[in-house]
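Let me begin by presenting the structure, written as structure tokens, before commenting on it.
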Number of protein chains: 2
Amino acid sequence: MTRKNADGGRSTIRDVAARAGVSAATVSRVLGGVYPVSATTRTQVLRAVRELDYVADARAKAIAGAGTPTLGFVLDDITGPSFALMAHGVEREATRLGHLCLVCSTDGDAAHEADFIETMRAQRAAAVILVGGGADTPEYRSRTARVADGLAAAGSRLVLCGRPPLDPGAPVTVIEYDNEGGAYALCAHVLSKGHRRILFLGGKPEHTTAQGRERGYLAAHRARGVETDPALRLAGDFTRDSGYRSTRRALEEGLDFTAVMASTDMVAAGALTALREAGVSVPGDVSLVGYDDIPFARDLYPPLTTVRVPYEELGRLAVRTALERGRSAADEHLLLGTHVVVRDSVGAVGGGGVAPAG
Amino acid sequence: MTRKNADGGRSTIRDVAARAGVSAATVSRVLGGVYPVSATTRTQVLRAVRELDYVADARAKAIAGAGTPTLGFVLDDITGPSFALMAHGVEREATRLGHLCLVCSTDGDAAHEADFIETMRAQRAAAVILVGGGADTPEYRSRTARVADGLAAAGSRLVLCGRPPLDPGAPVTVIEYDNEGGAYALCAHVLSKGHRRILFLGGKPEHTTAQGRERGYLAAHRARGVETDPALRLAGDFTRDSGYRSTRRALEEGLDFTAVMASTDMVAAGALTALREAGVSVPGDVSLVGYDDIPFARDLYPPLTTVRVPYEELGRLAVRTALERGRSAADEHLLLGTHVVVRDSVGAVGGGGVAPAG
DNA sequence: GTGAAAGCGCTAACAC
DNA sequence: GTGTTAGCGCTTTCAC
């Protein structure tokens, strides 16, 4: 059994050097790879490394100038399928590019988020990626701009993913996907089937992602010249439970609608269960659509018509953009397209809806 | 606007010291918190820190002896709902305990996993947590034991979560949940409804989690004195697609069964869709059960009867055990219980099954 | 209470 | 080729 040096602690480069009968610098060189070293020395050093089971301290390397660059990734909730997908993309791309990736899920807690960003700064992260909508308040803008400045001044970079963009000039990279466009197309599809009273299950009113999707809903109606009923737009959040509760309440209150457009597939899942429990058939009585196209969407019954968002791709892109961006401090802004994927949860109107017409 | 020191780079403790007109040691002390410093000095230092927007380099701190401890978390696929849940638990508990958490998803690639563990060692992580089953081969045991030794020698610790345990004596903490027991109870439930030909959708044959669940399936049959048909046990993996494909094939081949027991909720989701596409009603014609109780399970139609595994709790526990363990190098072994949650996907036999009775 | 100096584990000139 | 000497940015004796 290979044992460590006497004190049982980790061994240092000097221990290796001593055992191999060379200087620390030499050890560093053979481990470094490219520097010319004589074959015999190299062999000896390598043997010592093996015998001591030596692994260089990454922090020390980092501080000395070498070292693996790091990257921070912050999301609301790693448990949400769409963000998990993104996390996957981020993680893959980061390691592909030789970066370490620190992940933090904040549970929507702003303080936690701030803490983590600070930590990333302390780690001298090459970039920190923030994902997930949020409120676009003046406080948000100034706070985030400050963060962006701080990061930029430290040679790092802030990437906003699906988040409210900042005022022009702020040193951030923002990558968005088209919430309004996707929702517009989706809603147009539903309208084209003859639906005129579409229940919209939104998110938190101040949440920009939710807003974008709602704008799409509204715009599609406007384009078709059909009026929207404010009573049909319900706030909530992006969870399954929110969809369930809102739908239940809508049903109990006797709201009149023939379709529901959920702001998220998770919300749609909850809505579907609520509908089913109430004996409402989908899409027979009521049609249903979601947003995100999470893997599960097609296993729902009926398979859910929804909007595909390229989350994993988004994650990869965020990393690549943040890391490979030219040295320009200019802010960049990317908008990824989305498209609706039609499955079986939308039917032509006529089946009835849930309430007696007018 | 607060600007950095001249070169635009990050400022160091010396920059702060200079600006505050004190020594670096003093800055370190006021930032450290507890050391006695005069009120005026403290104020000045703090002001300098603010003006310079100074954030101490975590790597340098770490190397100097202070610094935030780190913890590594490795999983197959962060996209899988159950592991995402665990990741959440791990992440929460780690930050609660003041640890940084590095997450890596390996996509089942052993080399990637080895790399990451090496990285964690280089980061001098306090512990590394490995989750997800795998093959319990001699190679696995010796390789992992070596890793455990290396980590232990470096003052760190390996935690195996739902992974094949090592030979006794290896310095690891293993936390398992009861696959066999859960599967046994679940299968017993299905059998109690009169089912006698239950299709088992397993995982990779060498995968210990899959094996445990299969053992439970077998044991439940044995306990009831019902014979099992090997043709009814299909291998696959833990994905939704695998469940879909296997079920489809079983149907095409005219396999005779009245229930399907999927080794995972994801697999069950795929199976459900395949069944539905074939016009087989669940649970009318065929009953279906899963394993994991992922959040989505109840939004499937019919709501899925499954086994609840406390994944998030598991993650928290892994962190706590790894970090708060006494200084004893003894190996620990925890086994978490599971329980079946009955929903509506199992019916009494009689509806028929999918093939003409023998 | 505060500063000077040593040192954490490593890399990178700069000699020879 | 290889060793010596400086650092990297921080903390922590040890003096004063």
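Below, read A as the first sequence line, B as the second, and so on, with proteins coming before strands; counting in each chain starts at 1.
Between the side chains of A:Thr173 and A:Arg157, at least one donor N or O sits under 3.5 Å from an acceptor N or O. Residues A:His333 and A:Glu176 have side chains that bring a donor and an acceptor to within less than 3.5 angstrom of each other.
Between B:Asp57 and A:Arg121, none of the side-chain N atoms (NZ, or NE/NH1/NH2) sits under 4.0 Å from a carboxylate O, so this pair counts as no salt bridge. A:Arg163 has a carboxylate O that lies under 4.0 Å from a charged side-chain N of A:Glu113, or vice versa, which qualifies the two as a salt bridge. With respect to the salt-bridge test (charged N to carboxylate O, under 4.0 angstrom), the residues A:Asp53 and B:Arg146 do not qualify.
Counting heavy atoms from C-beta outward, A:Leu130 and A:Val128 have side chains that approach closer than 4.5 Å. No side-chain heavy atom of A:Arg124 sits less than 4.5 Å from a side-chain heavy atom of A:Pro69.
A:Arg59 comes within contact range of no nucleotide atom at all, as no heavy-atom separation falls under 4.0 Å. Across all strands shown, B:Ala62 has no heavy atoms under 4.0 Å from either base or sugar-phosphate atoms.
Within residues 20-40 of chain A, the residues approached by DNA chain C to less than 4.0 Å at the level of any non-hydrogen atom are A:Ala25, A:Ser28, A:Arg29, in residue-number order.
A distance-only check finds a donor-acceptor pair linking the side chain of B:Thr119 to the backbone of B:Asp115 [under 3.5 Å].
D:dT2 atom C1' lies 13 Å from atom CZ of A:Arg42, rounded to whole Å. Separating the CD atom of A:Gln123 from the P atom of D:dG9 is a distance of 15 Å, rounded to the nearest angstrom.
From the 5' end on, the contacts that DNA chain C makes with chain A at under 4.0 Å to a non-hydrogen atom open and close at C:dG9 to C:dA13.
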